[in-house]
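This report concerns only the one structure given below.
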Amino acid sequence: MLDDIIQSYNEAVFETDRMAALNVVDRALAQGVTAEEVVFKVVIPAIETMMSLIASDPDANLAQHFMTSQIAVEVTEKMLPKFRNSPEVVGRVVIGTAHGDLHSLGKRIVMGCLKAMMVEVVDLGVNVSAEHFIDEAVRLDAQVIGISAMMVHTAMGEEGCRKVRARLQERGLTDRIKLVVGGAPYRFDPNLYQAVGADAWAEDGINAAKVIIELIREVKRHDTP
Amino acid sequence: MTPLEILVAAIHGNPAPRIPVFCNLLDQGARELGMTQQEYYARGEHVAEGQLRMRARYGYDNLWSLFYVGKEAELLGSRDVLYADNGSPNVANFVIKEWDDIAKLEVPDDITRHPAWVETGNCLSILQREAGATHPICAYLTASTSMPALLMGMESWLQLLMTGPVDLRDELLRKCSDLFRKEVAAYRAAGVHVLVYSTPFGTPSFVGMKRFKSFSMPWMKRDLEPGGVEGIVYYAGMAPFNAVIRQVLEELAIGAYYISPMDSLAEAKAIIGNRGLTCGVIDDIRMIHWTPEETRAEVRRLCEIGKVGGRFLFGTGVMPMAIPEANIHAMLDAAFAQGGYA
């Protein structure tokens, strides 16, 4: 039964058909599938399948990324109140667009996937200063700062990721808080993330979730005595 | 031959001494005039002067009338712009904040009388007077399917496109398409030679092949049919679109394609063949960190692929302000040297 549900849900998500995906979930619940199974055996594996499809399917596209993320977070938010026990939180991330950058789509795709994958995400909005990124990451005890930048000058500028990196170093936080970037300029120059001092980058919003979770685990490993 | 004659020869596959070499140093114009971006973009005469000086300094073929992407949204009421002195301006306050705002959008009857067009018109007049007989003048026009991203933000536009009411989506697209038709007519009347049709939603990497056929293509037809495709260049905002070139050729008959650096130029050239002009575009974001030698090598690679059989143009993408001067010279020197047919 679960295999059919997984297949139907995946087809709906890949076709960007939100209503069909939600119907699959409703049908699954009616058939006795638990909310936990919906999230951990249907929704999260669908995101992971999309991660691998992006690399292999020439027709993978931005609309699909957006809908995968939005459907995932919508279903997860509906399922969480039905959980018998609170799920284990993977970690915490603060995310925003770089100083001077107002493009919020990439951030939204990443946030949706992370929430579905049990990562706490705090959205700092657009045009975020370096100080605000760090102050909030420290205040909230986040393991990762995510910075989205769609323009070259906001990806590379002195007020963006470079300044966040400098402040992390000044405050001795580089082992405690990792820095990840994403956005179009990094796709055109895959070495750019290193030039601006990031620990990692992601080629798209879906795979960003995987990269961020790996960084959270790295920080937690470092923190474990 | 003048640069304009060289471009016309490339389009028609006629003999010429070299390929056309296009470049876009937009925000660099403000630096050239010692102005802030806000001062520079406030007046069409500044932009014209900046672009004439950039072309004279570097020697490439074309002249741009584009102020910044987002300027078009001002024709539909957008006002606030976030300027930056190290990069391009952003639309800072979207004119569509809620779906109900779509009904309030009004496409001006005569866009050339709209205050947002006046400075563009001034810029065009100067460019036309100073160089219109010898150098190609370029304009940038946003396709109906991409204009909503400038009016409401990409996030809200995708939300409406993927989950919103179809009638509301179509009402917005009709208005954007009507604006496009008026813009393209106004640019042609002003003597523009090259009309860069910016259509990121005209690529499967944005919407997938199925939606490209059912959604993007019909709207592109609506945009282009009344005025025709003379001078139109298909450009997807640097996103790859080789997968749809055949369909665009067959259904829209556009004659020039500005290929993404993420696509294979050889594949694009093979698809387009002698049916149109293939524009090979350098990944100019990498130029920020390349050496002049690396820059020259990439130009050589592109020209060796593209110029065989003619109908080829060398062009640039976003030309960030952070590109070192030496690399701009290296790129253009190499394009003129490698693009020669002698």
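Just so we're clear, the structure is a prediction, and the values are computed from it rather than from any experiment. Residue numbering restarts at 1 for every chain, and letters A, B, ... go by the order of the sequence lines.
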- Message: Working to the nearest 0.5 angstrom, can you tell me the gap between A:Leu179 CG and A:Ile134 CD1?
- Response: 8.0 Å

- Query: Most heavy-atom pairs under 4.5 angstrom with chain A, which of B:Met238, B:Arg211, B:Met262, B:Met154?
  - Reply: B:Met262

- Give, for atom CE of B:Met54 and atom CZ of B:Arg31, the distance between the pair rounded to the nearest 0.5 Å. 7.0 Å

- Per-residue contact mode, B:Pro200 against chain A (heavy atom under 4.5 angstrom): neither

- Query: So what's closer than 4.5 Å to chain B heavy atoms on A:Ala195: side chain, backbone, both or neither?
  - Reply: side chain

- Message: Which atoms of A:Ile109 are under 4.5 Å from chain B, going by heavy atoms: the side chain, the backbone, both sets, or neither?
- Response: neither

- Message: Using 30° and 60° as the class boundaries, would you call the ring planes of B:Trp157 and B:Phe215 parallel, tilted or perpendicular?
- Response: tilted

- The interface call for A:Phe66 against chain B, heavy-atom contacts under 4.5 Å, is side chain

- Message: With a 4.5 angstrom heavy-atom cut-off, is it the side chain or the backbone of B:Met321 that approaches chain A, or both, or neither?
- Response: neither

- Item | Under 4.5 Å from any heavy atom of chain A - which part of B:Ile288 | side chain

- Task: Flag the one option from B:Gly208, B:Pro204, B:Pro240 with the top tally of heavy-atom pairs under 4.5 Å to chain A.
- Result: B:Gly208

- Which portion of B:Leu158 sits near chain A, non-hydrogen atoms under 4.5 angstrom: both

- Task: With a 4.5 angstrom heavy-atom cut-off, could you sort out which part of B:Ala92 is near chain A: side chain, backbone, both or neither?
- Result: both

- Please work out which of the three classes, parallel, tilted or perpendicular, describes the rings of B:Tyr257 and B:Tyr234, given edges at 30° and 60°. tilted

- Task: Assign the ring pair B:Tyr140 / B:Trp64 to parallel, tilted or perpendicular, where the plane angle (0 to 90°) is split at 30° and 60°.
- Result: tilted

- Take the angle between the ring planes of B:Tyr68 and B:Tyr41 and call it parallel below 30°, perpendicular above 60°, tilted in between. perpendicular

- Item | Region of B:Ser88 that comes under 4.5 Å of a non-hydrogen atom in chain A | both

- Item | B:Tyr258 side chain vs B:Thr316 backbone, donor-acceptor pair below 3.5 Å | yes

- Give a yes or no on whether a salt bridge exists between B:Glu155 and A:Lys107, defined as a side-chain N under 4.0 angstrom from a carboxylate O. no

- Task: Please flag which part of B:Asp283 lies under 4.5 Å from any non-hydrogen atom of chain A: side chain, backbone, both or neither.
- Result: side chain

